[in-house]
Each structure stands twice: as C-alpha cells, then as structure tokens.
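Everything on this sheet refers to the single structure shown next.
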Amino acid sequence: MTAQEPVATRQSSFNLDTPTVKSHLAFTLLSAGALLVMYSLLRVALLVYNSDQIGDSPASVFVEAFYNGLRFDLRVVVFACIPLFLALLSHRAIAARTAYKLWLTAFASLTLLLGIAELDFYREFHQRLNSLVFQYMQEDLGTVASMIWNGFPVGRYLLAWAFATWVLYKLFGGLDRLSRRHHKARSQAHHHSHTHWGARILLFTLCLVVAVVAARGHMRQGPPLRWGDAFTTDSMFANQLGLNGTLTLVDAAKNSFSSHRDNAWKATLPEDEALASVREMLLTPNDKLVDADTAAIRRDFTPPAAGTLPIRNVVVILMESFAGRWVGAMGSDAGITPYFDKLAKEGLLFDRFFSNGTHTHQGMFATMACFPNLPSFEYLMRTPEGAHKFSGLPQLLSARDFNDLYVYNGNFQWDNQSGFFSNQGMTRFIGREDFVNPVFMDKTWGVSDQDMFDRGAAELAKMPADKPFYALLQTLSNHTPYALPTQLPVEKVTGYGAHDEHLTAMRYADWALGQFFEKARKEPYFKDTLFVVVGDHGFGSDKQLTEMDLFRFNVPLLLIGPDVQEKFGSLNHNVATQIDIVPTIMGRLGGEVRHQCWGRDLLNLPEGDPGIGVIKPSGSDQTVAIVSADRILIQPKDFPPRLYQYQLGADAKAVRIPGDSDPRLQKYLEAFLQTATGSLLNNTAGVQDAKQNQ
C-alpha cells in the first residue's frame, strides 16, 4: 500500500486543486468586477486627459455619464465572460482555469490598448474610436505609422501597456487563487462530489438570462443599448464619455467591412416629392433645368452680368484645419491669424461657412468636385463611385480651355488624390517628391507650408499668359504631426493647454499664407485673379457646440479679387458649405455654364434667402445635419432629430429648441440626401449622363 501512497497523495492534491462550480462562479464574478473597474478607470483617464472639454458642465452630468458608461461596459464584460459561462456545462471545461486566465488577460489587454489609444483619438476628433481607424489602415501604412509615432508618445504608451498587461495577468492569477481558497480546506470526499448536471443546466440558464439582460443594457422591449442611449445630457463631452470605445470600434468595423452601399442613406420620401424638394432648395431664377428626366439638378446657369468680376484666373487655397473658432476676423481674440485677418479686410469674408465633413478628403471633393459628403460615401475619392465624372471646377474650366495646377506638400497617392483629380480633368501635379532643397521636410507628411507656398507662387508666376488658369494650393503643416521648421518665423502659442501645438501650427500656416500673397501681388496675373481661401475643416476646441461639434465644421471662406468689395461688400452672413464654392466661382467668371453642382452661387441667391447647408462628420458616424441661418437640425441614425438654435463668433453657443421639430428643414435634409445618393449610385451626377461619358 505504501507504494500507492504517493499516487494517492498526488491524486488527492489534483482533486483538491480542481475548481468547483461555486469557485468557477466566484472567479467569473471577480473577473467581471475587475474588468468593470478597469473600464471605469479608463473613463476617468479620458475625462482627466480631456478635462478642457468639461467647461461649465455640472458634476451631475458626469455622474450620469459614468452610469451610462457602466451599462455599455457591462456589454463588453459579458462578451469577455462568454467562454466562462459556457464552461458551466462541463466539469472538464471548468478545470481549464489557466486557459481562462490567459483569455481574460488577452481580452483585457487588447481593450486596455484601445482605451489608451482613445485618449489622443478623442482629443483630436472629439469622437470615440470609429471607422477613421480603418480608413487610415487603408492608406499608406508607412505614412500612417510615421504620423502616429511622431505625433504621439507611442513609446511611453506601449511601455505602460506592457506593464499593465503583466499586472492584469497577475491580477487574474490572484483572483483564481482567491476563488479557490476556501475549497482547499474541504474534505477530499466532499471535493469529489460533482454538481448534478440538471443543477448545472439550471445555473447556466440563469447566467444566460443575466448575461443577455446585461448585454442588452435594459429589460424593455425594442433594440438593445445603442450609442444614442448615452446622449442623455446637455454636455457633448459627457455624452461621448458614456460610450465604450471598444463597442464603437466594433460597430465601425461592421460598417467598414460590409458593402458601403449597404450603409447608404435609405429613401424616406416618395421619389417625386424628394426631387421637387431638392429643386426648390437649390434652383434659383438664374437656373434653367435640363435633362429633368434623367438628372436631378442639372441646369444651365447664366449669372447676371452685374455680378461678374473682371477676372480670368482662379486660385483656390485649401487650408488644413483652419478652424473659424480661432480666426480673428471671425471673432477670436487669440491672435492666431493676423495675416488672414489683414487679407480679410481687402476681400469678402463668409463667416457662417461650414465644411461638408471633418476630414481633408471630404473638403477636397466638396470644394473642387462640388459634391456633398454623404453617409457611406465619406471617402468617395477611394470608392468605385469616385471614378464617376462630376461637374466640378476641373470639368467646367477645362471645357473653357483653362490651364491647371495642383501644388501640395505631400504625396498625391494619399487619399487617391492624383487618381481622382486626374480623372476629373486636372493634368499638372507638384507634390512632395518634386521639391528640391526645401526649407523643411517632415518625415511623415512632406515639405512645410512655407515651401509649398513658395513653389506655388513660383509656378503661378510662370503660367503661360496666352491662356487663363485655375490652381489648387493645399496646405498640410497644420496636421498632426505638425510639419514645422525648427526655427519658427512666428512666436509659439501658449496658454491654451492641449491646443498650444495645434494653434502654433495654425499661426505658422497663417504666416505662410501671408508670405504667399506678398509674392503674388508682385506678379502681373494678380490683378486678373480670383483667390478663394477656405479651410478644409476645423478642429477641436475647449467645448463642443452641439453633438455635431460645429467648431469642427465652421471655417472661413474668403474671396479676394478685383472689385469684390465694391460689388459685394466685405462680410457675408449667408449660410454656405464647400459645395457652394464652384457655382460661386462660375458666377464671378460669367457666361452660361451647364453643371450639376449640389450647391449654389452664394452671390446670386434669391432676395431674402439666407442660405442653407448639409453637413456630416467623417468616419462611420451616420449622423447628418442641415444648417440654416440660426438653426441646426441634427438627425442621428435610428434616433429622433435634435433641433438647436446656434450662434457663432466670440460668444458662440447653442440652445436646444423644445420639440425638436422643423418640418421644412427635416424635409430638405431627407430629400437632399436621398436625391444626391440616388444620383451618385445611378452615375447621373455629372454634366452629362454616364452613357454620354462613355
């Protein structure tokens, strides 16, 4: 018998160490609690890291945000614990405790990494993790990696993440031992007894019910917890804080990797009614509808001669992240844009102007191709539909035999710029690889704005005088990581916390813009040229103005050219977006033109028409909005609309309007999106029908 003792002892030890159903439940609950604590701590970190967004919001809204966040976090915890719930059906599965520790560590580590990344993601975009992550992954990965590595303290984050992962592994090991502790003292006979299979099935069913309720987020009928359920306060920051970045990223992945057409705006109005509303919204007395049976808003536009200007050339300057919030001429006292402010005194400034999206990509095709930013087509230049012909500046001015020029700091492969604009009719591109001995070359993006503007000025001065030209000059320095020379020609901005570096880059871009105009004034072409200076989008501020964050959309539009102020004044308060730029340019050049722009000539609006615009953020967020003179109607997907009265400028604010109802704006918004989407999908959004283009 003695020979058997070691074996028996080992068997006894093995059995005593094997987890029971009770210890397994204890381990599951302890692990779930640990995950909830970790996600709450990440929410605290997000709150502290972006504390400039708190503003004057009371503490109660953040208590509510943490309660909402707990509900979303529970969903993630349920997903993490699914293998542990399933193990209740098998004693052998319950015994695989090491596998569960590794699984929980890996799950917690991955979601922790997302939470760390979200600290700066939210600071940059004022959104939780979304499809922008996947959009960047489709770009040149070397450039994206360089942007992230040079723009953020990645090394420190990775070290902190690695250490935290080790701590998590130790933590789950400790919870394992804690859950077994009182069972080791039990007798061997009692330890050998197995929970009856019927009791295990009943226990599994109870756990399943609890898990389903926790994952749904509520016990009422209807859909499970959705992102809109976190929008319960008047603080946009608190509402975003109540979400869980892992869940928003998973939702974004579903949209990003499904057919983008599946996520397109679905028709909400009878087709004839939608078409009539869009034509009422966009057509003016100077428009004559043509091809009405096949094209939604194709028209012959004849601007009144009195509204034209003595110009033959057009130069569009698209300023990266040139947020109206920080422009002196639009009410800021921060002193960031002295050169632009000086230029504004000699031109016509639109101060209630909005970008169509919140990414340069949307700013480019809206400004130059005159097509809106639509749900599911936010990255139009990279989708098959981007190969369609639009009625933008390249098509309209190429038809008039204009020369063209596109000068850019970076690589034209980014966002498929060269492919898209070549297809639209542009022929001459000068990008990163074409600069020799630049003042500064950023390892991520390219040359500085100073270099881009110097090259742009030199190239414009050499344009042949026998033909008119149009040009696009696009800046880049005001983008993370900021492409700034070591020796800055401007004073660094201080006193604005997390925004100091961004505002310094904006001040530098403003200086480079001023230097360009000093050079351009000396050239013969200057007196015959219309300069259009516009921001591609804004950027985050110390507060959000509605959930659409109007500070990310409000940008300046400035027209400088002969007789501009004499004919149109120095300031225009009409509401407009980037899709209004092309028809406004064509209205100054004069002569009949056939186009299908989704905007209007801002200087030939009907009497009493204050303008209107449709905007949408980049990424997978399917929220859309329509902006009027003092109202913005915001339509989140699958949720009721929200209506605000807003005010821009030095005393910017937004107030929710009770009832959230404006039938006219609602109908215009739905009709616009439905009709524009249909035109894109049917390839009838250009100057000619698709069959005529072939």
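Predicted model, so just to flag it, every value in this text is computed and none were measured.
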Mind checking whether [X] and [Y] have side chains closer than 4.5 Å, heavy atoms only?
X    : Y    : value
Q647 : D630 : no
M452 : T475 : yes
E124 : T480 : yes
D73  : L35  : no
P556 : F350 : no
Y668 : S628 : no
R75  : N244 : no
F421 : M368 : yes

Please name the pair of heavy atoms, one in [X] and one in [Y], separated by the smallest distance, quoted to 0.1 Å.
X    : Y    : answer
S332 : R325 : CB-O, 3.4 Å
P617 : F553 : N-CZ, 3.6 Å
Q413 : S418 : NE2-OG, 3.3 Å
T337 : M506 : CG2-CE, 3.9 Å
T546 : A654 : CG2-CB, 3.6 Å
A238 : T233 : CB-OG1, 3.7 Å

Just checking, any donor-acceptor pair under 3.5 angstrom between side chains of [X] and [Y]?
X    : Y    : value
S109 : W161 : yes
T111 : T246 : no
Q635 : T623 : no
Q578 : S355 : no

Task: Note: R656-D234 ion pair, threshold 4.0 Å (strictly below) - done: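 Salt bridge: no.
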TODO: Would you mind checking if D229 and R71 are paired as a salt bridge, meaning a charged N to carboxylate O distance below 4.0 Å?
DONE: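 Answer for the salt bridge query: no.
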With under 30° as parallel and over 60° as perpendicular, where do the rings of [X] and [Y] fit, or are they tilted in between?
X    : Y    : result
Y646 : F354 : perpendicular
Y482 : H502 : tilted
Y406 : F412 : perpendicular
F672 : W598 : perpendicular
F371 : F390 : tilted

Task: Ring center gap for F125 and F121 short of 6.0 angstrom - done: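 Distance test on ring centres: under 6.0 Å, yes.
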About how many Å separate [atom2] of [Y] and [atom1] of [X], when rounded to the nearest 0.5 Å?
X    : Y    : atom1 : atom2 : value
N554 : R552 : CG    : CZ    : 13.0 Å
L141 : M147 : CG    : CE    : 10.5 Å
Q666 : L269 : CD    : CG    : 9.0 Å
L648 : K653 : CG    : NZ    : 12.0 Å
E670 : L665 : CD    : CG    : 11.5 Å
Q240 : S235 : CD    : OG    : 10.0 Å

Open item on the list: I'd like to know whether T248 forms a side chain to side chain donor-acceptor pair (under 3.5 Å) with N130, so could you lay out the CA-CA distance, the side-chain angles of the two residues, the decisive distance to 0.1 Å, and finally the verdict.
Closed with: CA-CA 6 Å; T248 59; N130 59 30; over 6 Å; no
- [ ] Mind checking side-chain contact (heavy atoms from CB on, under 4.5 Å) for N373 and listing every partner two or more places apart, or none if nothing turns up?
- [x]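 N373: side-chain contact (heavy atoms from CB on, under 4.5 Å) contacts with N356, Q362, F365, E378, K616.
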Open item on the list: Going by side-chain contact (heavy atoms from CB on, under 4.5 Å), name the residues that satisfy it together with A625, two or more places apart in sequence or in a different chain.
Closed with: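 Partners of A625 by the side-chain contact (heavy atoms from CB on, under 4.5 Å) criterion, ordered by chain and then number, come out as M548, I615, I632, I634.
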Open item on the list: Does R631 form a side chain to side chain contact (heavy atoms under 4.5 Å, CB included) with I657? I'd like the steps, not just the answer.
Closed with: CA-CA 9 Å; R631 289 185 169 196; I657 296 177; 3.5 Å; yes
- [ ] Identify the residue among D536, V327, V555 that makes a side-chain contact (heavy atoms from CB on, under 4.5 Å) with F322.
- [x]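 Of the listed residues D536, V327, V555, the side-chain contact (heavy atoms from CB on, under 4.5 Å) partner of F322 is V327.
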Donor-acceptor pair, side chain of [X] and main chain of [Y], under 3.5 angstrom:
X    : Y    : answer
D580 : T577 : yes
Q622 : W265 : no
H388 : L680 : yes
T367 : M364 : no
N409 : G446 : no
W103 : A80  : yes
S40  : L36  : yes
D449 : L476 : yes
R43  : L243 : yes

TODO: Report the C-alpha distance between E501 and Y496 in whole Å, list the side-chain angles of each, state the deciding distance to 0.1 Å, and finish with yes or no for side chain to side chain donor-acceptor pair (under 3.5 Å).
DONE: CA-CA 9 Å; E501 190 176 11; Y496 294 92; over 6 Å; no
TODO: Give a yes/no verdict on a cation-pi contact between R226 and F639, requiring under 6.0 Å between NZ or CZ and the six-membered ring centre and an angle within 45° of the axis.
DONE: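 Checked: cation-pi criterion met.
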Open item on the list: On the six-membered ring of Y49, is R123 placed so that its NZ or CZ lies under 6.0 angstrom from the centre and within 45° of the ring axis?
Closed with: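 Here R123 passes the 6.0 Å and 45° test against Y49.
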Open item on the list: Taking atom CZ as the centre, does F152 end up with more than 12 heavy-atom neighbours from other residues, nucleotides or ligands that are less than 6.0 angstrom away?
Closed with: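 Counting other residues, nucleotides and ligands, CZ of F152 exceeds 12 neighbours.
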Task: More than 12 heavy atoms from other groups under 6.0 Å of OH on Y67 - done: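 No, OH of Y67 has 12 or fewer neighbouring heavy atoms, counting only those of other groups under 6.0 Å.
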TODO: Before giving the answer on side chain to side chain contact (heavy atoms under 4.5 Å, CB included), spell out for Y644 and L633 the whole-Å C-alpha distance, their side-chain angles and the decisive distance to 0.1 Å.
DONE: CA-CA 7 Å; Y644 294 86; L633 180 77; over 6 Å; no
- [ ] Check step by step if side chain to side chain donor-acceptor pair (under 3.5 Å) holds for H361 and Q417.
- [x] CA-CA 9 Å; H361 187 109; Q417 293 174 62; over 6 Å; no
Open item on the list: One pair to check against side chain to side chain donor-acceptor pair (under 3.5 Å): H126 and N50. What are the steps and the verdict?
Closed with: CA-CA 10 Å; H126 285 184; N50 293 277; 5.9 Å; no
- [ ] List the steps, then state whether side chain to side chain contact (heavy atoms under 4.5 Å, CB included) holds for Y379 with H359.
- [x] CA-CA 9 Å; Y379 296 91; H359 191 286; 3.9 Å; yes
TODO: Before giving the answer on side chain to side chain contact (heavy atoms under 4.5 Å, CB included), spell out for I54 and S51 the whole-Å C-alpha distance, their side-chain angles and the decisive distance to 0.1 Å.
DONE: CA-CA 5 Å; I54 294 175; S51 58; 4.0 Å; yes
